[in-house]
Structures are given as structure tokens and as C-alpha cells.
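Report on the following structure.
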2 protein chains.
Amino acid sequence: MAAPQPKYDVFQAIADPTRRQLLSLLSEQEMPVTSISRHFPMSRTAVSKHLRILAEAGLVKDRKVGRETRYRLESEPLQELKRWLSYYERFWDNKLAMLKHFVESDSTDEAERYGKLEVLKSDHND
Amino acid sequence: MAAPQPKYDVFQAIADPTRRQLLSLLSEQEMPVTSISRHFPMSRTAVSKHLRILAEAGLVKDRKVGRETRYRLESEPLQELKRWLSYYERFWDNKLAMLKHFVESDSTDEAERYGKLEVLKSDHND
DNA sequence: CAAAAGCGAAACCAAAAGGTTTCGCATTAT
DNA sequence: ATAATGCGAAACCTTTTGGTTTCGCTTTTG
């Protein structure tokens, strides 16, 4: 019944610089593990592990071709990141939204201002 | 002489769910540490540490007001994320770019296809 | 068919991450 | 003045992360 619940989410997956380079590399073309690992100063096994993490986050797909496993970029999951980011964009480039924000924050006492209100209800977190 | 070299970059900073919630919370309003920590199921000290990490990544600023330290969102550094992301957007919503991609990948032998070429020259990694 | 190439799994390790509790120090309230 | 609030620093602990080496299995090459 439980959903597949991928162990790694996109945010975690792209947190590591090596994994971001992997995405960059694979965005150019599909590539087998050994070839990929030639671009990195670490063992093939280490690279393989990073690839698995990316795969769990859905950011790469692999397919077996003969004895090799070729990986390719799968960028769709990055849309989640884009969505998350879009919430914050208004804070740096939407002057009107900023203004609205300031206008709305002028009321009441500390309890109400800093209390545990409905603040985390929206889902632009996680 | 050495540049400040922040220990935490934006990618790392937002990798943790708690820290994303912190950003969300602070996007609503400036808030002192204790009030912030009431929103989380962990000690004030733990929250404080997360705030420091966000601060090192430039995602929050703090100012002392009497005995309290108030934190507020600073969204500018997220632009780096947006830039990084923009590189990958073409892979999911730009059909022409995709086509171009396919058209260009049909040549040559393994060495040239998978070798250590100019692949990592651009800086949309890191 | 024997040797080599391509990978993943496993066992292991050091360092980083995410928490906790305790303490001390300013600042504000009684 | 004393007590209470608000915080950060420090010491400590456990789990996760990022890496290594070794082994074994499959597939290709000679």
C-alpha cells in the first residue's frame, strides 16, 4: 500500500557538487558508467553510488546495453524545484508583492505576530 | 586575504527540509529565535544551528533587538539556484532545443562520444 | 574457451550532519 | 537587586554521507 517513497528527494540529490556535475555531463548525452567516471577524480564505484542517488530522485534513468549500463538525464523532477523556487521569486523581483507584504504586516501583539499560526499550512515547503 | 568563502552554499542550505520550512516561515515575517523554534519539534539550539547555516548561505539575515535576535529571509541567493535550473528547463519544455540535441548526437566512435572532452567547461555546475 | 571489460553489492572507514544538554552572558521585567 | 528571558558556544552522541577496496557475475573480445 505504501507509495514507493523514494529515499532521496530532488533537493538532497542536487545538494552534492559531484551530482550536479553528473547531471551536467549527462545532459550532453547518454553515457555508460565507466565513461562517466573518467570525468571524476574518484572511483567508478563512488560515481556509481552517486548515480543511484540521482536515479532514486528520478533525475537519471539507466538502461542496459550489452554489458554496459547507460545513464541519461531525466529533468522532469527538477520541475518540483522550479515550483518551490517560484514562491520565492516574488521576494526579489516583484516589487508589488513586496509592497503588499509590508502593508499587511503592521498589526497586533507578539503572541499573534510570532505565534504558531497557520504559517506552515501552504505546501511550498518540502 | 582569502575571500569569506561561505562554508555552506545555497544547494546545501536548502537540502534540509527543516531549513526549507524556516525559509517559508521567515518569508512571512521577521522573527526572533525562540518564536521561530516554537514551530519545530526540536530544541531552540538545533533551530539556531539551522539558522546559522542559512545565514552562511546568505539566505537569512539577523539583527539584534534588545535581547532578541530577529531573523528575516534574504532571497537573493536563490537566484543562483534559478540560474542553475534555467539550464535544465530546456530539457523539459523546449521541444526545439531537444530536437537540436538529438540531431547533433549521431556521430563518431566511443572514444570521441564518451571521452573526457570539453564537457564540463561551462559553469552551470556547482 | 580464456582473458578482459563493465558493473553492482558488500564490508569497511573517516568525516560531516543533525540532534541533545549544559553553561554563561546580556538584557529585560518584577 | 533578583529573577526570568533570549541566545550562542561547547561538549557530546548517533546516523548519514561520501569515499575506498575487494569480490563475483555477466558480457564481450581475442
Side-chain angles (χ1 to χ4, degrees), chain A residues 5-23 26 30-57 60-72 109-111 113-116 126, chain B residues 5-23 26 30-57 59-72 109-111 113-116 125-126:
Chain A
Q5 264 293 46
K7 188 180 174 190
Y8 289 91
D9 62 29
V10 182
F11 292 93
Q12 264 180 274
I14 65 165
D16 184 276
T18 298
R19 287 195 289 269
R20 289 198 297 280
Q21 287 185 20
L22 279 169
L23 294 181
L26 294 178
E30 186 183 57
M31 219 179 279
V33 178
T34 299
S35 307
I36 296 172
S37 76
R38 276 198 282 271
H39 294 264
F40 297 87
M42 66 186 73
S43 71
R44 172 188 52 81
T45 308
V47 169
S48 223
K49 286 209 230 167
H50 280 301
L51 286 169
R52 206 168 54 68
I53 290 172
L54 289 173
E56 282 179 27
V60 298
K61 295 289 184 207
D62 65 284
R63 63 178 183 122
K64 310 274 269 178
V65 176
R67 63 184 162 186
E68 46 183 44
T69 307
R70 298 190 186 162
Y71 281 87
R72 65 175 183 285
D109 59 313
E110 133 91 20
R113 297 202 356 250
Y114 298 139
K116 205 167 188 170
D126 322 273
Chain B
Q5 264 292 47
K7 189 181 174 191
Y8 290 91
D9 62 28
V10 182
F11 292 93
Q12 264 180 271
I14 66 165
D16 184 276
T18 298
R19 287 195 290 269
R20 288 197 298 278
Q21 288 185 19
L22 279 169
L23 294 181
L26 293 178
E30 186 184 57
M31 218 179 281
V33 178
T34 299
S35 307
I36 296 173
S37 76
R38 278 198 280 272
H39 295 263
F40 297 86
M42 66 186 72
S43 71
R44 171 188 53 80
T45 309
V47 169
S48 223
K49 287 209 228 166
H50 280 300
L51 285 169
R52 208 170 51 69
I53 290 172
L54 288 173
E56 281 179 29
L59 286 167
V60 298
K61 297 287 184 208
D62 66 283
R63 63 178 182 123
K64 309 274 268 179
V65 176
R67 63 183 162 187
E68 45 182 45
T69 307
R70 299 191 184 160
Y71 281 86
R72 66 175 182 284
D109 59 313
E110 134 91 20
R113 296 203 356 251
Y114 298 140
K116 206 167 188 169
N125 341 279
D126 323 275

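Letters A, B, ... are given to chains in the order of the sequence lines, protein chains preceding strands, and every chain is numbered from 1.
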Toward the 5' end of DNA chain D, by each residue's nearest nucleotide, B:Val33 or A:Gly66: B:Val33

When you measure only distances, ignoring hydrogens and angles, does the side chain of B:Arg67 come within 3.5 Å of the base of D:dT5 through a donor and an acceptor? yes

Say you draw a straight line from OG of B:Ser43 to NZ of B:Lys49; how long is it, rounded to the nearest 0.5 Å? 8.0 Å

Separation of atom NZ in A:Lys64 from atom C1' in D:dT27, rounded to whole Å: 10 Å

Does some side-chain heavy atom of B:Lys64 sit less than 4.5 Å from a side-chain heavy atom of B:Arg70? no

So does A:Ile14 get a backbone contact from the side chain of A:Arg19, meaning a donor-acceptor N/O pair under 3.5 Å? no

Which atoms of nucleotides 15-22 of chain C (N or O only) lie under 3.5 Å from a protein N or O atom, and what are those distances?
| unit_1 | atom_1 | unit_2 | atom_2 | d |
| --- | --- | --- | --- | --- |
| C:dA17 | OP1 | B:Gln12 | NE2 | 3.1 |
| C:dA17 | OP2 | B:Tyr8 | OH | 3.3 |
| C:dG18 | OP1 | B:Asp16 | OD2 | 3.2 |
| C:dG18 | OP2 | B:Arg19 | NH1 | 3.1 |
| C:dG19 | OP2 | B:His50 | NE2 | 2.4 |
| C:dG19 | N7 | B:Lys49 | NZ | 3.0 |
| C:dG19 | O6 | B:Lys49 | NZ | 2.7 |
| C:dT20 | OP2 | B:Ser43 | N | 2.8 |
| C:dT20 | OP2 | B:Ser43 | OG | 2.7 |
| C:dT20 | O4 | B:Lys49 | NZ | 3.4 |

Between C:dC7 and A:Thr34, is there an OP1 or OP2 to side-chain N/O distance shorter than 4.0 Å? yes

State, with a plain yes or no, whether a side-chain heavy atom of B:Arg44 is found less than 4.5 Å away from one of B:Arg38. no

Rounding to a whole Å, what distance do you find between B:Ile36:CD1 and D:dG8:P? 9 Å

Are A:Arg52 and A:Glu56 within salt-bridge range, i.e. N to O under 4.0 Å? yes

State whether A:Tyr71 places a side-chain N or O below 4.0 Å from either non-bridging phosphate oxygen (OP1 or OP2) of C:dC7. no

Whole angstrom value for the distance that separates P of D:dG8 from CZ of B:Arg52: 10 Å

Between P on D:dT27 and CD on A:Glu68, what's the gap in Å once rounded to a whole number? 13 Å

Decide yes or no for A:Ile36 and A:Leu26: does some side-chain heavy atom of the first lie under 4.5 Å from some side-chain heavy atom of the second? yes

If I take atom CD in residue B:Glu30 and atom C1' in nucleotide D:dG6, what distance separates them, rounded to the nearest angstrom? 15 Å

Let me know the distance between CZ of B:Arg63 and C1' of D:dG8, rounded to the nearest Å. 19 Å

